[in-house]
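Just below is one structure, and these are the notes that go with it.
Labels below follow one simple rule: chain letters A, B, ... track the order of the sequence lines, proteins then strands, and each chain is numbered from 1.
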Amino acid sequence: MTPGIEAVSLRKDYHGHQAVDGIDLVVPMGSIVGLLGPNGAGKTTTLRMLAGILRAASGDIRICGLPVEKHPMAIKRRIGFLSGDTQLYERLTVREILRFFGRLHEMERAELESRIEQLVDTFDMTPFADRRIGNLSAGQTQRANIARTLVHDPDVLILDEATASLDIISSQFIMQSLKQIRDNGKAILFSTHIMSEAEYLCDQISLIHQGHIIAQGTTDEIISQGGADNLTDAFLQLMAAGENQ
Amino acid sequence: MIRWAHVKTIFHKEFLDTVRDKKTLLMNLGLPIVVWPVLAVFLTEFAASQMARQQERVSRIALVGDNVEPLAAAVAKQTQINLVHLAKGLTWDFSEPVEHSVPGKRGQRRAEEAPKSPGHRQVETLIQDDMIDLVIVCETEHAGPYTNKRLRILADYTIPHSAAAAGRAEELLERLAQDALAVRLEALGLAQAQLEPWGVTSEDVAPMQKTVATVAGRVLPLLLIVLIVLGGFYPAIIMTAGEKEHGTLPTLLCAPINHLELMFGKYLAILVQALTGVFTNLISIMAVVQLGLGDLPIAASPMIFLGAFIALIPVAMLYTALFMTVAIFANSFREAQNLLSPFTFVAIIPAYAALLPGIKLNALTALAPGLNITLLIKQMMVQDLTPMLAIMTLVSNLFWTVVVLTFAARLFASEQVLLAGRKGIADVLTVNRNALPHPDQRIALIYFCCILVSTVYLSGVLASIDLALYMLVAQLGVYFCGGFAIVRYFKMSAKRVFRLRAPRPLAMIGAVLIGCSLFLPNLWIAQLTPMPAAFEKALTEALRLTDTTYPIWALLLLVAFLPALCEEFAFRGLILSGLRADMKPVTAILLTAFGFALAHFSSFRMLPLFITGLILTYAAWRTGSIWVGFTIHLLNNGIAVLLVRHGEVIQETFGLSEDFQPPLPWILAATGVCVLGIFLISISGAEPEEIDCTKPLAYTT
């Protein structure tokens, strides 16, 4: 089966600094892959390149088998992207935002309205669906944002720190929703720095450090590679080893 | 490809988002609706109350001098004038002090205010201390059997009640003078009409409507331009830098839209916001005028407001495009405000220029954005507008709008501009010394700005002292040494940057042909934008072309050789090389020629200078040698010097008219020679690609 995301030898530099240096990554359909790394490791740049927001200096990206360079618009229709940088318009309501992005994805009016109601129901947003984003809590805003990434029913989800700054109840709600989306056959690339989330959610984990992938595998394989008892210790061990290299 | 459905969706979202922003709503709708009526009511009431207060106020007048008693008796009868008796210790000396000379520039005396007498200063102090409103100085003089009064009213016209008192005093004294004259004439048995063989009066033939329209035409366009600027300022920031600051731009970029759809969606939303603001303001002003100041018929006519609004749309298109383009560079609201503030002046200054006397909409001003619309509205109001000029104005604004939007499209396609983060603009302006093997457009721009600024200041300070000093400092110092200093600082190759290589013989033949003939077509082109005689005289004097203390060889050295050498090194050297590093040849040549024309600071000679610049720049680019342009420049300037210095001889020899206007066949022949010269240069053999300073030279000689 064609993987949802396939990246080979991905590179990107900013003003002489190599932010991403030869990353290879595969996210099969129906799985969640975690991308873990410290601040400045190159996670956000990698995710932005995969989402088609940034152009890679070199390397090959394929989304559901389609090369990003050749089909940028088709790729965007198949991706839902969320990161700390993808904020929502404070003066628009949840429904208005979902309608706006649905229209940009060229959804039919009736189909779009039905999809909006489905997402409002799935993410339990009925009480605040007609309130402006600026008046919502962080958890409510994040639910609206995830709904925004799903409005066009993408095959691939790229989520960068999707649960950051959320309370435990909101985080749990979102993680449960992601598992359900994965079970529906979607490919999810999930970046986080909360180890327990990665352990709970991800089928595969890739550790990124200084623009390189330094370890890949299941949670158990990563713990084993790090020679530790848990994912946090393994992460720290592998980072230290990466520094020494 | 632009999908207009996407543009419409983005436009709709932007419009909704901005309309819900209280600040924009307040600026574009709230303020106009409230401010104009309130301002009108308060201003009218304030002006009326001030006028009434002034009329009620009794003026305090003091009389000094000879034989003031009869005048005092007449003043005492006035109800609104009080006679004030000043302290006896005051002395009144109105004799002017001896002038002292002020050291100034060579051959000039600095214009200074004439010194005041002690008496004048004393009156000024008394009025300032609110002791009196004015003083009437009475002097007597004898003319045959008669004793005449000479009266001087001393008032401070900057103080309203002193100026009002002066008006009353003038009226009273005029009446008294007429009475005294009548008494004398009666004694002589004459009637006043017998002494007035000529009566001169001036009457305005313009209809009232035109007079009011002229006044309104001066104020309204400027006001409208200011309103466009205010209306477009905040929406442009909110939809660009505001989105970047709030992190919503990356969200939008996740959607399957291209950069043109994004740009047009935002642009149309900004434009509509700006026009809505102007429209609301106009409606509010019109309502105020209609209800409150109904006696101004033209200003109250809705058709005038509608016409002005429609005329304003092209300039609104241009200014909002400009604001959006500048604001997209910024990463935050505050940064965008800082970046845009200078551009608001750029937008408003041309509108101010339209207020200057004598500036009318013509083929040249119709091309200047901002200025042309202001003049168009001004002339539309007095019904003095030809359709061709209106079309030219429209086309000119549309052209500039397309230029700005083309640049904006590049920015919207640049991930560095949209997502660069805090360092985005800093990167654009920062020059890394070690990473600069050749000049780029930043270096060219900075160097050009240095040339402009130094030319302004040096010409003001040095040119009036000594031409040679000015030319040496400005040309050799700034143009030549400045360019070399930059090249040296950045460790560039002077040989490549300044194109220091010997030209091919064919190119030199072409250069000589152009240099000897270019002045004739230029003389004809200069006629299109004729320089006023006073300006021409001042320019000739500034260049000392008619100053016989400068021998001809010195003039040729200063006005022909030095500019040819230094300006070529500057424009066809560093600036062209810098622009070529980042631009296509056509763009770089056009910009270099435009900069060359601009650096001469003469709007009247702009067109011939631009054409000359084009030829010089093309020659340098095509041949890869600075010396081709130098030869053209040297010959062209040299001939200009000889024309002015030995104008009479040349006129007689060649049968030219007094203003050196050559006959048409001569112009055509000279243009043909120029074209031949350009052709020879174009086939002279050097390959432009080889001489691009960003690449190694293929050969050197």
- Message: Apply salt bridge (charged side-chain N to carboxylate O under 4.0 Å, His left out) to residues A:E90 and B:R20 and explain how you reach the verdict.
- Response: CA-CA 10 Å; A:E90 291 190 347; B:R20 286 179 183 172; over 6 Å; no
- Item | Neighbour count >12 (heavy atoms, 6.0 Å) for atom CG, A:N39 | no
- Task: Pick whichever of A:R55, A:R48, A:R103 has the most heavy-atom pairs under 4.5 Å with chain B.
- Result: A:R55
- Message: Nearest 0.5 angstrom please: B:L252 CG to A:Q87 CD, how far?
- Response: 13.5 Å
- Query: Given side chains that start at C-beta, do those of B:H6 and A:E106 come closer than 4.5 Å, heavy atoms only?
  - Reply: yes
- Would you call B:L16 and A:L92 a side-chain contact if the rule is heavy atoms closer than 4.5 Å? yes
- Distance in Å, B:T251 OG1 paired with A:F81 CZ, rounded so as to fall on 0.5 Å steps: 9.0 Å
- Hey, could you give me the OG1/CZ distance between B:T18 and A:R91, rounded to the nearest 0.5 Å? 7.0 Å
- Backbone of B:L253 reached by a side-chain donor or acceptor of A:K76 within 3.5 Å: yes
- Item | B:C254 vs A:I79 side-chain heavy atoms within contact, under 4.5 Å | no
- Query: At what distance, to the nearest 0.5 angstrom, does CZ of B:R3 lie from CG of A:L104?
  - Reply: 9.0 Å
- Task: Answer with side chain, backbone, both or neither: which region of B:E243 has an atom nearer than 4.5 Å to a non-hydrogen atom of chain A?
- Result: side chain
- Separation between NE2 of A:H105 and OG1 of B:T9, rounded to the nearest 0.5 Å: 12.0 Å
- Query: Would the number of heavy atoms belonging to other residues, nucleotides or ligands and lying under 6.0 Å from CZ of B:F343 be above 12?
  - Reply: no
- Query: In this structure, are over 12 heavy atoms from other groups packed under 6.0 Å from A:E117 atom CD?
  - Reply: yes
- Task: Could you look at A:Y89 and say if it's the side chain, the backbone, both or neither that has a heavy atom under 4.5 Å from chain B?
- Result: both
- Query: Above 12 or not: heavy atoms from other molecules or residues under 6.0 Å from NE2 of B:H12?
  - Reply: no
- Heavy-atom neighbours of B:F279 CZ exceed 12 at 6.0 Å: no
